[in-house]
Amino acid sequence: MAASTLTFHNLIAENRRNSLLLVVLFCLFTAIVAAVFGLAIVGILDPERLARLDWTQGLLIGGIAAGISLLLSIISYYGGDRMILAVSHARPIQHDDDPELFNVVEEMAIAAGAPMPGVYVIDDSAPNAFATGRDPRHAAITVTSGLRTKLTRDELQGVVAHEMSHIGNYDIRLMLLMAVLIGTVVMLSDFLWQTLFWSSVTGGRRRSRDESGGNPIALVLVVFAVLLGILAPLLARIIQLAVSREREYLADASAVELTRYPEGLASALRKIDGDPEVLESANRGTAHLFIANPIKKFEERAGSVFASHPPIGERIRRLESLTR
């Protein structure tokens, strides 16, 4: 898209399409993994039965394993935000503790048509921020003390608008869905490995070499499932990170729609990117939540498929294109 026709409406529409495509791809990928693993598990336990098995039965077996993972994920759904805030050493603050920050959050909540989120602060000199929660009514915005001291009000407004966009666009719920799908794939892979181990221990000594290789369909499917069990968690992670990068672009564009001032967020990203401080409470499990990757060595590899954030330089370039 030419820079002369680039608007935040174009960016929002484009990134929503990309994100939807990635989510659909991930759901199909998870369904295929569940079906293959389900059939492979039946083939491991009873190779002769596999010849009479159809895909419906395989999906049912894989669905049972996926359902267990989904149940565990739902349990964590309602407490995940509190866990993230606790791990990040974030503390809640009230209006009198930081009136300017509260006013900015209130302004952006009104602009987004969303309820006022909880406001939290991490006592750390590294400038950064993130949003968490399960929906706009159960959301929180967290900023570091370094962000407060190092940004101007316009820059702070751009950062808060970005995080409010994550809330308003339901990115916090989308990323939870992606985490559920990732967990499902990982648990299915673990279940496959445990079935292989259990089968080798309990049945390996009783089966002859000819009996174990009597069903070529079972053998081919099990070999394929083993390869998929190795690659599936990695591929799932790559898709999750691709969705995360698209949502960052979308939040940047949505922030411009709220503030009507792209330079505020662009300037904030420059300061965050150029700051040498390291956020001590950040870890690989929560890094994707922040407006910029708090782990500097991963931010340096932002152009790879394993990056949770797009390159800050590219984000700034897009924002500057909106300014022009």
Side-chain angles (χ1 to χ4, degrees), residues 6-20 81 85 90 92-122 127-144 147-148 150-176 244 246-272 289-292 309-310 312 315-316 318-324:
L6 188 64
T7 68
F8 59 81
H9 292 296
N10 298 139
L11 287 176
I12 290 172
E14 179 184 356
N15 285 304
R16 281 179 177 166
R17 287 194 298 269
N18 292 341
S19 296
L20 177 61
D81 56 341
L85 292 169
I93 62 171
Q94 304 303 320
H95 184 278
D96 292 340
D97 298 321
D98 192 338
E100 183 179 62
L101 175 59
F102 260 79
N103 290 340
V104 169
V105 175
E106 287 175 346
E107 290 170 5
M108 293 302 98
I110 293 172
M116 176 70 179
V119 181
Y120 289 75
V121 168
I122 299 173
N128 223 314
F130 71 87
T132 188
R134 61 180 184 269
D135 57 51
R137 293 190 175 276
H138 303 86
I141 289 179
T142 301
V143 303
T144 63
L147 188 86
R148 287 293 294 117
K150 296 176 181 179
L151 300 189
T152 66
R153 193 183 193 282
D154 286 341
E155 293 166 345
L156 175 65
Q157 189 180 59
V159 170
V160 171
H162 175 99
E163 301 305 334
M164 187 61 67
S165 296
H166 278 311
I167 296 172
N169 293 336
Y170 282 80
D171 290 347
I172 50 179
R173 178 176 291 178
L174 173 64
M175 296 315 295
L176 176 64
S244 177
E246 290 296 332
R247 302 313 286 186
E248 289 301 317
Y249 282 135
L250 176 57
D252 285 347
S254 298
V256 174
E257 188 174 19
L258 297 180
T259 64
R260 306 288 173 167
Y261 185 55
E263 182 54 35
L265 178 56
S267 179
L269 289 174
R270 286 191 201 94
K271 286 187 177 180
I272 293 172
L289 297 173
F290 288 85
I291 188 171
H309 294 70
I312 286 185
R315 294 169 66 183
I316 293 173
R318 291 189 178 204
L319 290 167
E320 289 176 339
S321 297
L322 296 176
T323 302
R324 292 193 295 269

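We use all heavy atoms of the structure for the numbers below, so side chains are in, but hydrogens, waters and symmetry mates are not.
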Exercise for the section: Given side chain to side chain contact (heavy atoms under 4.5 Å, CB included), test I272 with L147 step by step and report yes or no. Expected result: CA-CA 8 Å; I272 293 172; L147 188 86; 4.0 Å; yes

Practice task
Output all residues satisfying ring pair (Phe, Tyr, Trp, His ring centres under 6.0 Å) with H138, sequence neighbours left out; order by chain, then residue number.
Solution key: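 Result, ring pair (Phe, Tyr, Trp, His ring centres under 6.0 Å) vs H138: none returned.
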
First locate atom [atom1] of [X], then atom [atom2] of [Y], and finally report the distance between them rounded to the nearest 0.5 Å.
| X | Y | atom1 | atom2 | result |
| --- | --- | --- | --- | --- |
| I141 | E163 | CD1 | CD | 6.5 Å |
| Y120 | L101 | OH | CG | 13.5 Å |
| L156 | K150 | CG | NZ | 14.5 Å |
| H162 | L250 | NE2 | CG | 9.5 Å |
| E263 | I316 | CD | CD1 | 9.0 Å |
| L319 | R270 | CG | CZ | 9.0 Å |

Closer than 3.5 angstrom, by distance alone: can the side chain of [X] be matched with the main-chain N or O of [Y] as a donor-acceptor pair?
| X | Y | answer |
| --- | --- | --- |
| E248 | H309 | no |
| N128 | T144 | no |
| H166 | L289 | no |
| S165 | A255 | yes |

Can you give me the closest heavy-atom contact between [X] and [Y], atom names plus distance?
| X | Y | value |
| --- | --- | --- |
| R315 | I291 | NH1-O, 2.7 Å |
| F102 | I93 | CZ-O, 3.2 Å |
| V159 | A268 | CG2-CB, 3.6 Å |
| I312 | A292 | CD1-CB, 3.8 Å |
| G133 | I172 | O-CB, 3.3 Å |

Problem - side-chain hydrogen bond (donor to acceptor under 3.5 Å, both in side chains) between D154 and S267, intermediate numbers included - result: CA-CA 9 Å; D154 286 341; S267 179; over 6 Å; no

Handout entry: Note: R148-D98 ion pair, threshold 4.0 Å (strictly below)
Key =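 Salt bridge present between R148 and D98.
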
Less than 4.5 Å apart, any side-chain heavy atom of [X] and any of [Y]?
| X | Y | result |
| --- | --- | --- |
| L265 | T259 | no |
| F130 | L85 | yes |
| N103 | R153 | yes |
| D97 | V121 | no |

Handout entry: Partners passing salt bridge (Lys or Arg N to Asp or Glu O under 4.0 Å) against E155 (at least two apart in sequence or in another chain)
Key = K271

Exercise for the section: Only counting residues at least two apart or in another chain, list the ones meeting salt bridge (Lys or Arg N to Asp or Glu O under 4.0 Å) with E106. Expected result: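 E106: no salt bridge (Lys or Arg N to Asp or Glu O under 4.0 Å) contacts found.
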
Among residues at least two apart in sequence or on other chains, which ones pass side chain to side chain contact (heavy atoms under 4.5 Å, CB included) with [X]?
| X | answer |
| --- | --- |
| I110 | none |
| P115 | P136, R137 |
| A111 | L258 |

